[in-house]
Amino acid sequence: MGEKVIERFELKYLQIVDEAGVADPSLISSFPDGLIKKFFEAIVLTRTYNERALSLQREGRLGTYASVYGQEACQIGSALALEKGDWVFPSFRESGVFLTLGYPIWQMLRYWKGDERGMKIPRDINIFPMSVPVGTHIPHAAGAAWAMKIKGHKNASLCYFGDGGSSRGDFHEGLNIAGVLKLPAVFICQNNQWAISVPRSRQTAAKTIAQRAWSYGFEGVQVDGNDVLGVYSATKGALEKAKKGGGPTLIECFTYRLDDHTTADDASRYRSGEEVKEWKGKEPLVRLKILMQKKGLLSGEYEKTVNEKAKALVDKAIEEEEAYPPSEPEDIILYTNSSLTPRQSREIKELGWQK
Amino acid sequence: MGEKVIERFELKYLQIVDEAGVADPSLISSFPDGLIKKFFEAIVLTRTYNERALSLQREGRLGTYASVYGQEACQIGSALALEKGDWVFPSFRESGVFLTLGYPIWQMLRYWKGDERGMKIPRDINIFPMSVPVGTHIPHAAGAAWAMKIKGHKNASLCYFGDGGSSRGDFHEGLNIAGVLKLPAVFICQNNQWAISVPRSRQTAAKTIAQRAWSYGFEGVQVDGNDVLGVYSATKGALEKAKKGGGPTLIECFTYRLDDHTTADDASRYRSGEEVKEWKGKEPLVRLKILMQKKGLLSGEYEKTVNEKAKALVDKAIEEEEAYPPSEPEDIILYTNSSLTPRQSREIKELGWQK
Amino acid sequence: MAKINIVQAINQALREEMERDADVIVLGEDVGKDGGVFRVTEGLLEKFGPARVIDTPLAELGIAGAAIGMAAYGLKPVVEMQFMAFSYEAIEQIFSHAARLRNRSRGRYNCPIVVRMPYGVGIKGPELHMDSSEALFCHMPGIKVVVPSTPYNAKGLLTSAIRDPDPVVFLEPARLYRAIKTEVPQGEFTLALGKADVFQEGRDITAISWGAMLHRVIDASEGFDCEIIDLKTLKPFDEETILNSVKKTGRVVIVHEATKYCGLGAEVAAFLAQEAIMHLKGPVARVAAPEAVVPMALLEDYYMPSKERIRRAFEEAMKY
Amino acid sequence: MAKINIVQAINQALREEMERDADVIVLGEDVGKDGGVFRVTEGLLEKFGPARVIDTPLAELGIAGAAIGMAAYGLKPVVEMQFMAFSYEAIEQIFSHAARLRNRSRGRYNCPIVVRMPYGVGIKGPELHMDSSEALFCHMPGIKVVVPSTPYNAKGLLTSAIRDPDPVVFLEPARLYRAIKTEVPQGEFTLALGKADVFQEGRDITAISWGAMLHRVIDASEGFDCEIIDLKTLKPFDEETILNSVKKTGRVVIVHEATKYCGLGAEVAAFLAQEAIMHLKGPVARVAAPEAVVPMALLEDYYMPSKERIRRAFEEAMKY
Ligand SMILES: Cc1ncc(C[n+]2csc(CCOP(=O)(O)OP(=O)(O)O)c2C)c(N)n1
Ligand SMILES: Cc1ncc(C[n+]2csc(CCOP(=O)(O)OP(=O)(O)O)c2C)c(N)n1
Ligand SMILES: [Mg+2]
Ligand SMILES: [Mg+2]
């Protein structure tokens, strides 16, 4: 009788390299130099791509585009923790993930130009088309993980969404199902503090998003989302646990969207320049470079090569993209189902679209 | 750097009177005898009504009916904590709430017979029509609470749903919005261990449903749902807090559905007689009677009067219900909107339904 | 051949497809131990085990969404929504994802899910247990919609739906579940999606319906020389069969349980108004529910198109 | 009178209704500080404060559901869904609750909410930013559906929608938001729901459309003696105006952005096939999107009914 405590929870926060580039000595030790260089190269590639995409958009050569600037560590740290056979379920801001998985850059550009063929995923990459309706892809990740479990495949699914996405029913139903079935799924919330103009504080009164994991009976952790090592480590651990049958994990990457929401947005309408400036000081590349310098991993020569290689890759992709032949109008109808209905065939004829 | 704990939570459980009728001495002291008798009388009325409804259903005089047996304490304890001006959002199993608010019994029976007029809520009772789609009414409770806040009314809304309902997107979005806006809303989850044939353990991997409150930045508590005093106390406190601007509370009433899901269900297909028997030993009336006996509140005379009064009320309601004239077919169309569309008027004529 | 009802026919189709293809799984609320609230999945858990017959949390959008992920990964999930109205939370998953996955990925992924649900008036159910909103799904490019009217076509159509490489919404007329028994072959057989049945040939009137209404139409047709078409696949419907019949009769009566406004009857009528106008002798009649939501049990019988209303429509048609 | 565009007209209607009635509130994603992604609610937060102009979490069913509770309690919430396709999660709330609350409570509660949303193709938007699914809402008894085609009727119709005691889905043709400026009176005025406009009288063809397509129809009508009807209210549509016109012309072309199958054009055509068959000289034509989901930007122009397609339909009609 009376009142008693029946459950206790603790939420942990993980950071391996801080804003000043100082690393936790015990946690950094397991990171081989090669991996750190991989982080660096992927961030450079992502930034290079992102900047070019933004300028292409300004020139009218792409449609509305969602910049990834500031969130590279969340995406690259987690994507590099994936293994072959794992599946990825991205939202619309995961350029860093696509690039890290080796997704053809020209296809990414093509997608943002407004071409469905940009999301005709190459056979050797297990990623879903980007999800435009926020949060709706979360149950898909649970479903794929469920299928892996049923089929006995020792893989996991990895799902990306934002702080805004965590308010949707899909988040709740998807994570809850994953918890009940103990599915091999890892959920990564990139809490970039904003959902267009709505600040995190207005998205939920919960102090963190990570703590929601306990609603579903599994573990959650908040990670410094601008610390690529921290993100890698948390994701790697979560994926391993998932594949061993330990069930899902929710990882909140605490980060910041340094650019406008998309190129159609003007963030100066709703947030202060000081806030952005403050977060620029915490961005993921600077601290990684300091760390690499200290470790002697960042020669001028190396940096130059990495930059040039990234630039060359993106340049080549832009050329490929622009040389790509346009779709046929018929394609609007052709991929609806495995075969055309009589009405669709008639429509193709009536519209004069048959090839 | 490194790993650190950034958030800690504790979940409390409240029980004032245990299964053996033993009360926590400090917590019981605030309960006047009159209130305890009110609990008793409401439970008796609810049981009397419920038994009659079940037998009417067996006789073919009602449609499918959802029994409240076993959950009376959750409903009565909470409903008695309401004040005038508070609003209630019930699911389909809240007969105990309706009765406690003085809802016309003949209308309740009428509803279960299949007559919309059963949910033509009397003007002096602020309850919504029962929600048949599970969990979908949760955001309505948030909305009403929001309106109270906007209008500066010092009231609260009280929402009932089941363990099954807590898995729905509506739960998540409704509670999250209530948290963000700090709305005067109290959410009562009657965790009766089953959602038709699906056991609580399969509904979520979380140990409790109450702990979900932290996902939304407010407080949650688990209460012994078969202890009417505990439920009353938790609800009263939560309502007071809400009205003072303290925001929402999630109360999980830990209880048990002693009957089949509805009269259309056969629970023996999926759960054991032993489990039911065990929970019968914890049901709310027995322990209350022991408590009352100890307190000298339960004379044979009094008990008889209460039983007879309940029976008389229900008898009278059955008569009223049966004497009630049938609806006109026109009513099918008439209440769709505030006025009829031309097509609806034509349809009423074509169907020969005009009065 | 054994005579079985629709519940048994669907159960048989599920069972045989699950035996045939290990990728076929069944998921939904109460589909496991309880065998579904209509007992459609009875015995499947015992036979195929809890990995393939799965009781889910009460979360319709989650169930549909998870099924999409499963399907893309390589399973063939058959989802049960307990009643049609409870599928509405899942409409976004069905419309924005299941229906579009193949198109959005230009064929890299497809989504072979079947979403089964009982629907329709006539079971004295509680509120929201008797909706007939087939038109909502019919308006979604990429979604096929199927409704059986007999045990035989319940089995054949469901088998086809499960084998279909794309998403199919499979609507089961709850009123018919146990109302009719017919002979149904044991063992697998399929009925092509997109094909209607001419249930009965006739010269004067083409009566078009599906599901439970087919049987009302049959009842009402006595004394009329009525060609009775059972649509079976609502999307895409069998234009050829309808057109051939209307060319012959010149008179059309469409009967459905749903409301008229943007119901499937509207599409059938509009199709005829475009393609067969020169063959029509008189108005295309729709006998349907009035513009109102399904009433509760006591008024339910008034809502459903009655034999008398259908006969009146036939009589009216014969005036032209 | 000032010339303003549709964005400004809607903003004015909101502003004036909020001034007039303290119970009118605005809620949705980014409607506050940002003034809405199309700037439709610009300046309202500054003027009416954060209690009445509310940025919500990203939760469409929660927003719609909360609005229902607010409305029943006595407010008049105007909800913004950022784009039509994002309202799909809220369909259950709209269909199972908003549409039915009055009926289920036999008039005790009503649900005066307005759900505003931009819709339609033609803005080179990302995926799922250009759906035209008006027919889904039109199929729900209890829901009114309104689409303005000009700044003037945007203001008048929205004012009426806000004052309507029942739920209204208010669809805003995103393509037109800033495309046309017309004179719109300052100060409140209403335009009756359920009434169509005869935009232009004519004798040969009745062309029926709404929203952005109206302007395509006007363009295409050159050289035809075309009676152009702007439907304005899609549910319930103005049967009388349509019927009178068709009785005169005998030829009908319906133009919409949505796909045909169970689209609103089907209902209009079916209505005519029932009520006006004897006046029809030829087929009822529907010019609409092909049976496919809205393509992304590069193919978008092919999807939308073009001036040429509409003209072809007019020419075809004139053959009868
Ligand atoms: C269901 C849905 N509602 C609204 C939108 C419009 N919208 C696009 S992105 C966005 C904010 C998303 O915020 P968050 O989830 O935090 O992701 P972020 O943009 O910060 O990466 C909104 C409201 C949408 N795409 N989908
Ligand atoms: C959205 C929805 N899905 C399914 C159903 C069918 N159904 C009715 S009650 C029920 C179980 C509800 O369980 P719970 O929420 O725990 O409430 P309880 O019945 O235990 O009171 C189900 C699945 C429904 N009414 N609504
Ligand atoms: Mg964000
Ligand atoms: Mg329960």
Side-chain angles (χ1 to χ4, degrees), chain A residues 1-18 20 22-28 135 166-182 198 201-218 221-222 224 227 230 247-248, chain B residues 1-18 20 22-28 135 166-182 198 201-218 221-222 224 227 230 247-248:
Chain A
M1 283 156 305
E3 233 181 6
K4 63 176 187 226
V5 172
I6 54 167
E7 238 339 36
R8 284 198 173 81
F9 319 106
E10 273 185 6
L11 179 68
K12 283 191 188 140
Y13 175 86
L14 173 69
Q15 184 192 52
I16 297 180
V17 181
D18 75 7
V22 182
D24 181 287
S26 70
L27 295 174
I28 187 96
S166 77
S167 296
R168 287 261 311 183
D170 312 76
F171 168 90
H172 183 67
E173 299 194 11
L175 268 72
N176 189 50
I177 288 174
V180 170
L181 279 300
K182 247 192 167 190
V198 179
S201 59
R202 199 155 180 93
Q203 202 60 244
T204 175
K207 188 173 161 192
T208 71
I209 290 168
Q211 72 201 53
R212 291 201 167 151
W214 283 289
S215 278
Y216 312 114
F218 52 81
V221 62
Q222 195 185 60
D224 180 344
D227 167 22
Chain B
M1 286 156 307
E3 233 182 6
K4 63 178 184 221
V5 171
I6 55 167
E7 243 327 45
R8 285 200 169 79
F9 319 105
E10 274 185 6
L11 179 69
K12 282 190 187 140
Y13 174 85
L14 173 67
Q15 184 192 54
I16 297 180
V17 181
D18 74 7
V22 182
D24 180 287
S26 70
L27 294 173
I28 187 97
S166 76
S167 297
R168 288 261 310 181
D170 312 76
F171 168 91
H172 182 67
E173 299 195 13
L175 268 72
N176 189 47
I177 287 175
V180 170
L181 280 299
K182 244 191 171 198
V198 179
S201 58
R202 196 149 183 99
Q203 201 61 245
T204 174
K207 187 171 160 194
T208 72
I209 290 168
Q211 72 202 52
R212 292 200 166 153
W214 282 289
S215 278
Y216 313 114
F218 52 81
V221 60
Q222 195 186 61
D224 179 343
D227 166 22

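Throughout, a chain's letter reflects where its sequence line sits, starting with A, and its residues are numbered from 1. Only this structure's heavy atoms are used, side chains among them; waters, hydrogens and symmetry mates stay out.
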A.B. asks: Just give me the residue among B:G217, B:G230, B:S166 that pairs up with chain A most often, heavy atom to heavy atom, under 4.5 Å.
C.D. replies: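 Result: the option with the highest number of such pairs is B:G217.
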A.B. asks: For the CD atom of B:Q211 and the CD atom of A:E7, what is their distance to the nearest 0.5 Å?
C.D. replies: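 Atom-to-atom, B:Q211:CD and A:E7:CD are 5.0 Å apart.
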A.B. asks: Can you find a pair of side-chain heavy atoms, one from B:K4 and one from A:L11, that are under 4.5 Å apart?
C.D. replies: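 A side-chain contact under 4.5 Å is absent here.
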A.B. asks: To the nearest 0.5 Å, what is the distance between CG (B:D24) and CD (A:E3)?
C.D. replies: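 B:D24 CG to A:E3 CD: 9.5 Å, rounded to 0.5 Å.
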A.B. asks: Which bit of A:F171 comes within less than 4.5 Å of chain B, counting heavy atoms only: side chain, backbone, both or neither?
C.D. replies: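 Answer is side chain: those atoms of A:F171 sit under 4.5 Å from chain B.
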A.B. asks: Where is the tightest heavy-atom contact between A:N176 and B:R212, given as atom of each residue plus distance?
C.D. replies: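 Closest heavy-atom pair between A:N176 and B:R212: OD1-NH2, 3.0 Å.
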A.B. asks: Indicate the atoms forming the closest heavy-atom contact of A:Y13 with B:I6, along with that distance.
C.D. replies: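 So the minimum-distance heavy-atom pair works out to CB-CG2, 3.5 Å.
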A.B. asks: Please look at B:Q203 and chain A and tell me whether the side chain, the backbone, both or neither of the residue comes under 4.5 angstrom of a heavy atom of that chain.
C.D. replies: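 Only the backbone of B:Q203 comes within 4.5 Å of chain A.
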A.B. asks: Using non-hydrogen atoms and a 4.5 Å limit, figure out which bit of A:A23 sits close to chain B: side chain, backbone, both or neither.
C.D. replies: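 Backbone only.
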A.B. asks: Could you have a look at A:A206, A:S215, A:G247 and say which one has the most heavy-atom pairs with chain B under 4.5 angstrom?
C.D. replies: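 The option with the most such pairs is A:S215.
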A.B. asks: Which bit of A:I177 comes within less than 4.5 Å of chain B, counting heavy atoms only: side chain, backbone, both or neither?
C.D. replies: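 The answer is neither part of A:I177.
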A.B. asks: To the nearest 0.5 Å, how far apart are CD in B:E10 and CZ in A:F9?
C.D. replies: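 Output value for this atom pair is 10.0 Å.
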A.B. asks: Answer with side chain, backbone, both or neither: which region of A:D18 has an atom nearer than 4.5 Å to a non-hydrogen atom of chain B?
C.D. replies: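 Both backbone and side chain.
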A.B. asks: In terms of heavy-atom proximity below 4.5 Å to chain A, should B:V22 be classed as side chain, backbone, both, or neither?
C.D. replies: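 Contact with chain A involves both backbone and side-chain atoms of B:V22.
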A.B. asks: Please classify the contact between A:S26 and chain B as side chain, backbone, both or neither, with a heavy-atom cut-off of under 4.5 Å.
C.D. replies: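 Neither; nothing under 4.5 Å.
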A.B. asks: Below 4.5 Å from any heavy atom of chain A, which atoms of B:L27 appear? Answer side chain, backbone, both or neither.
C.D. replies: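 Only the side chain of B:L27 comes within 4.5 Å of chain A.
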A.B. asks: Between A:K182 (side chain only) and B:A205 (backbone N and O only), is there a donor and an acceptor less than 3.5 Å apart?
C.D. replies: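 A pair under 3.5 Å: no.
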A.B. asks: Using the ring of each side chain (for Trp, its six-membered ring), is B:H172 parallel, tilted or perpendicular to A:H172, with breaks at 30° and 60°?
C.D. replies: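 B:H172 and A:H172: parallel rings.
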A.B. asks: Could you tell me which of B:G179, B:G169, B:G2 has the largest number of non-hydrogen atom pairs under 4.5 Å with chain A?
C.D. replies: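 Heavy-atom pair counts peak at B:G2.
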A.B. asks: Taking side chain as everything from C-beta outward and backbone as N, CA, C, O, which of these in A:T208 sits under 4.5 Å from a heavy atom of chain B? Side chain, backbone, both or neither.
C.D. replies: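 Side chain only.
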A.B. asks: Side chain, backbone, both or neither: which part of A:L14 has a non-hydrogen atom closer than 4.5 Å to chain B?
C.D. replies: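 Both parts, backbone and side chain.
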